[in-house]
Amino acid sequence: MTNVLLEKKGPYAVATIHRPEALNALNSQVLADLAELLDTVEADEEIRVLVITGAGEKAFVAGADIGEMSTLTKAEGEAFGKKGNDVFRRLETLPIPTIAAVNGFALGGGCELSMSCDIRICADTAVFGQPEAGLGITPGFGGTQRLARLVGPGMAKQLIYTAKNIKADEALRIGLVNSVYPAQELLPAAEKLAGTIAKNAPIAVRACKKAINDGLQVDMDRAVTIEEKLFGSCFETADQKEGMGAFLEKRKHEPYQNR
């Protein structure tokens, strides 16, 4: 992975999109590196939470690579969209929790990348937007779908139709991000959040993610059935025995073993 750096920090890991000379823009190689990152993270049982950020102070990911896209045919454009969507969908359905630490521009594919993560926090210098309509195209990596689900159809349509960017405070107001931090405090805050999540029972946390993601795709009757099955799946795990045993014995639980 030449464009994505991965650093393990105990029970969580930090992945950095590293193409600073192009403001970390997404081209085919970066997408391939992200797919390899997901392979690596999914195969490593020690990683319980993944933080994603961008290299440098200016950009999280400034968008997809316009130079690469400008000469695409209709078929090539559809294929490029599928490549991005396949990677982002894998990220969205990664079993472990993911946190986007948005440290600057998150435009187009960058905004779409952040929306594929479970939680978004950002620096006060962050800027979000889907500028595609101003370039003669639509968002292609899930922007029309995830933005509407996150901030509501009306606000999503306004942002996408106008191709206007919004700053961190507006992103917080409309619910696109959970929290805003001074730039120098962003990554420490993301790592603290990751560490807090990683201390909880990993099997249970993964089940919570699956219950939320899968349940949002169906009606409430089917959604609660999904929850019931995942709830039941936690029982008889070693971590459930330890967690409930510690509670009943009025002691602090031992570190969860992911089994």
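Electrostatic pairing of Arg146 and Glu92 counts as a salt bridge here, judged by a charged N lying under 4.0 Å from a carboxylate O. We find that Glu170 and Arg173 are joined by a salt bridge, their nearest charged nitrogen and carboxylate oxygen being less than 4.0 Å apart. Taking the charged nitrogens against the carboxylate oxygens, Asp239 and Arg259 have no contact shorter than 4.0 Å, which rules out a salt bridge. Salt bridge absent: Lys167 and Asp124 never bring a charged side-chain N and a carboxylate O closer than 4.0 Å. By the 4.0 Å N-to-carboxylate-O rule, Arg222 lies too far from Asp214 to be salt-bridged with it.
Leu113 is listed as a side-chain neighbour of Leu91, based on a closest heavy-atom distance under 4.5 Å. Annotation: side chain of Phe128 is in contact with side chain of Leu176 (closest heavy-atom distance under 4.5 Å).
Between Asn258 and Arg206, the side chains place a donor N or O and an acceptor N or O closer than 3.5 Å (distance only, hydrogens not considered). Between the side chains of Tyr256 and Glu242, no donor-acceptor pair is found at a separation under 3.5 Å.
Checking Leu26, Leu31, Asp33 one by one against Gln29, the side-chain contact (heavy atoms from CB on, under 4.5 Å) holds for a single residue, Asp33.
Looking only at distances, a side-chain donor or acceptor of Ser116 sits under 3.5 Å from a matching main-chain atom of Glu112. Side-chain N or O atoms of Lys209 include one that pairs as donor or acceptor with a backbone N or O of Leu94 at under 3.5 Å. Side-chain atoms of Thr16 never come within 3.5 Å of backbone atoms of Thr53 as a donor-acceptor pair (strictly under, hydrogens ignored). Between the side chain of Arg120 and the backbone N or O of Ser114 there is at least one donor-acceptor pair closer than 3.5 Å.
Connection of Leu5 to Leu50 is not established within any shared hydrophobic cluster, with ILVMFWY side chains joined at heavy-atom distances below 4.5 Å, either directly or through further cluster members.
Taking the six-membered ring for Trp and the full ring otherwise, Phe80 and Phe141 have centroids separated by under 6.0 Å.
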Show the numbers, then the answer: is there a side chain to side chain contact (heavy atoms under 4.5 Å, CB included) between Leu159 and Leu147?
CA-CA 9 Å; Leu159 290 172; Leu147 189 59; 4.2 Å; yes

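For NZ of Lys8, the number of neighbouring non-hydrogen atoms (other residues, nucleotides, ligands) closer than 6.0 Å is greater than 12. Other residues, nucleotides and ligands place more than 12 heavy atoms under 6.0 Å from the OH atom of Tyr12.
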